[in-house]
Amino acid sequence: AQSVTQLDSQVPVFEEAPVELRCNYSSSVSVYLFWYVQYPNQGLQLLLKYLSGSTLVKGINGFEAEFNKSQTSFHLRKPSVHISDTAEYFCAVSADNAGNMLTFGGGTRLMVKP
Amino acid sequence: DAGVTQSPTHLIKTRGQQVTLRCSPKSGHDTVSWYQQALGQGPQFIFQYYEEEERQRGNFPDRFSGHQYPNYSSELNVNALLLGDSALYLCASSLGYRGRPQHFGDGTRLSIL
């Protein structure tokens with residue numbers, strides 16, 4: 001079975017500052033990794049994914065994430081945030097041998113302040 | 001190109017009733033998954049349908065059942081509703097499944113009184 005831990009439930013940050021949202025996972029098999037964003041009263045939008053290859057993955061809206069197999073982490077970063085980035089962010093994994101069933105972390109609320 | 005569409009958007013039921021939620025996958029997708037998202041939590045996997053069969057199931061009781069039609073659309077049925085079933089129910093679709101990213105709809109907000 002897989003599990004995902006998002007280490008921060010809330011991250012307040014000022015506009016134009018950099019941000020990192022942390023994600024650690026646990027799995028006994030190879031995994032695929034994803035970050036999703038959820039705006040109020042909406043579903044989840046895929047930000048980026050790691051399937052294989054380069055460990056630095058670039059996504060939409062200027063976000064990027066780095067897969068670190070030895071530390072079982074997949075932290076999300078953005079060099080300069082905007083007010084519009086205020087949302088809930090979810091890290092998720094699916095096991096290589098288990099279809100694409102997603103196991104989600106508990107989420108991190110990013111709050112961008114002016 | 002239509003994305004994943006779900007209906008209804010909101011629903012209010014009472015304990016013991018039954019409910020059916022509907023999902024149309026993104027154009028070109030053939031696999032549908034359902035998730036339950038309780039308030040303030042991450043989504044939890046309920047089950048996945050591919051080729052009209054349930055392929056994977058999460059840790060949910062038999063009160064939760066589903067169906068996939070030949071046009072790939074899907075239904076989630078919940079019987080004998082409990083207060084704890086109040087949640088946002090999300091449908092996600094993908095083309096195939098292994099390693100494929102899922103695209104989510106906006107969900108159905110189910111409230112149980």
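The sequence lines fix the lettering, A, B, ..., with proteins before strands; numbering per chain opens at 1.
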Engineer: Can you name the nearest heavy-atom pair linking A:Asn100 to B:Ser94, along with the distance?
Structural biologist: ND2-OG, 3.0 Å
Engineer: Tell me, yes or no, whether the heavy-atom count around A:Lys49 atom NZ, taken from other residues, nucleotides or ligands under 6.0 Å, exceeds 12.
Structural biologist: no
Engineer: What are the two closest non-hydrogen atoms of A:Leu102 and B:Phe45, and how far apart are they?
Structural biologist: O-CB, 4.0 Å
Engineer: Could you see if A:Val81 belongs to whatever hydrophobic cluster contains A:Phe14? Use Ile, Leu, Val, Met, Phe, Trp, Tyr and a side-chain cutoff under 4.5 Å.
Structural biologist: no
Engineer: Once you round to the nearest 0.5 Å, how far does CD of A:Gln45 lie from CG of B:Asp106?
Structural biologist: 10.0 Å
Engineer: Could you check whether atom CG of B:Asn71 has more than 12 heavy atoms from other residues, nucleotides or ligands sitting under 6.0 Å from it?
Structural biologist: yes
Engineer: Please tell me if the side chains of B:Tyr35 and A:Leu44 come closer than 4.5 Å, counting only heavy atoms from C-beta onward.
Structural biologist: no
Engineer: Would B:Leu110 and B:Leu83 show up in the same hydrophobic cluster when neighbours are defined by side-chain heavy atoms closer than 4.5 Å?
Structural biologist: yes
Engineer: As an exercise: rank B:Gly96, B:Gly105, B:Pro43, B:Gly40 by heavy-atom pairs under 4.5 Å with chain A and give me the winner.
Structural biologist: B:Pro43
Engineer: Between A:Ile60 and A:Val57, is there a shared hydrophobic cluster once you connect ILVMFWY residues whose side-chain heavy atoms come closer than 4.5 Å?
Structural biologist: yes
Engineer: At what distance, to the nearest 0.5 angstrom, does CZ of A:Phe90 lie from CD of B:Gln41?
Structural biologist: 9.5 Å
Engineer: Should B:Leu81 and B:Leu11 be counted in the same cluster of Ile, Leu, Val, Met, Phe, Trp and Tyr side chains packed under 4.5 Å apart?
Structural biologist: yes
Engineer: Considering non-hydrogen atoms only, spot the tightest contact between A:Leu46 and B:Pro101 and give its length.
Structural biologist: CD2-CB, 3.7 Å
Engineer: What part of B:Gln37 gets within 4.5 angstrom of chain A, counting heavy atoms only: side chain, backbone, both, or neither?
Structural biologist: side chain
Engineer: Taking the side chain as everything from C-beta on, heavy atoms only, tell me whether A:Phe34 gets closer than 4.5 Å to B:Gln102.
Structural biologist: no
Engineer: Check each atom of A:Gln38 against the heavy atoms of chain B and say whether the ones under 4.5 Å are side chain, backbone, both or neither.
Structural biologist: side chain
Engineer: Side-chain heavy atoms nearer than 4.5 Å, only ILVMFWY residues, links allowed to pass through others: does that put A:Val112 and A:Trp35 together?
Structural biologist: yes
Engineer: Give, for atom CG of B:Leu90 and atom OH of A:Tyr36, the distance between the pair rounded to the nearest 0.5 Å.
Structural biologist: 11.0 Å
Engineer: Please determine whether the number of non-hydrogen atoms from other residues, nucleotides or ligands lying under 6.0 Å from atom CZ of B:Arg63 exceeds 12.
Structural biologist: yes
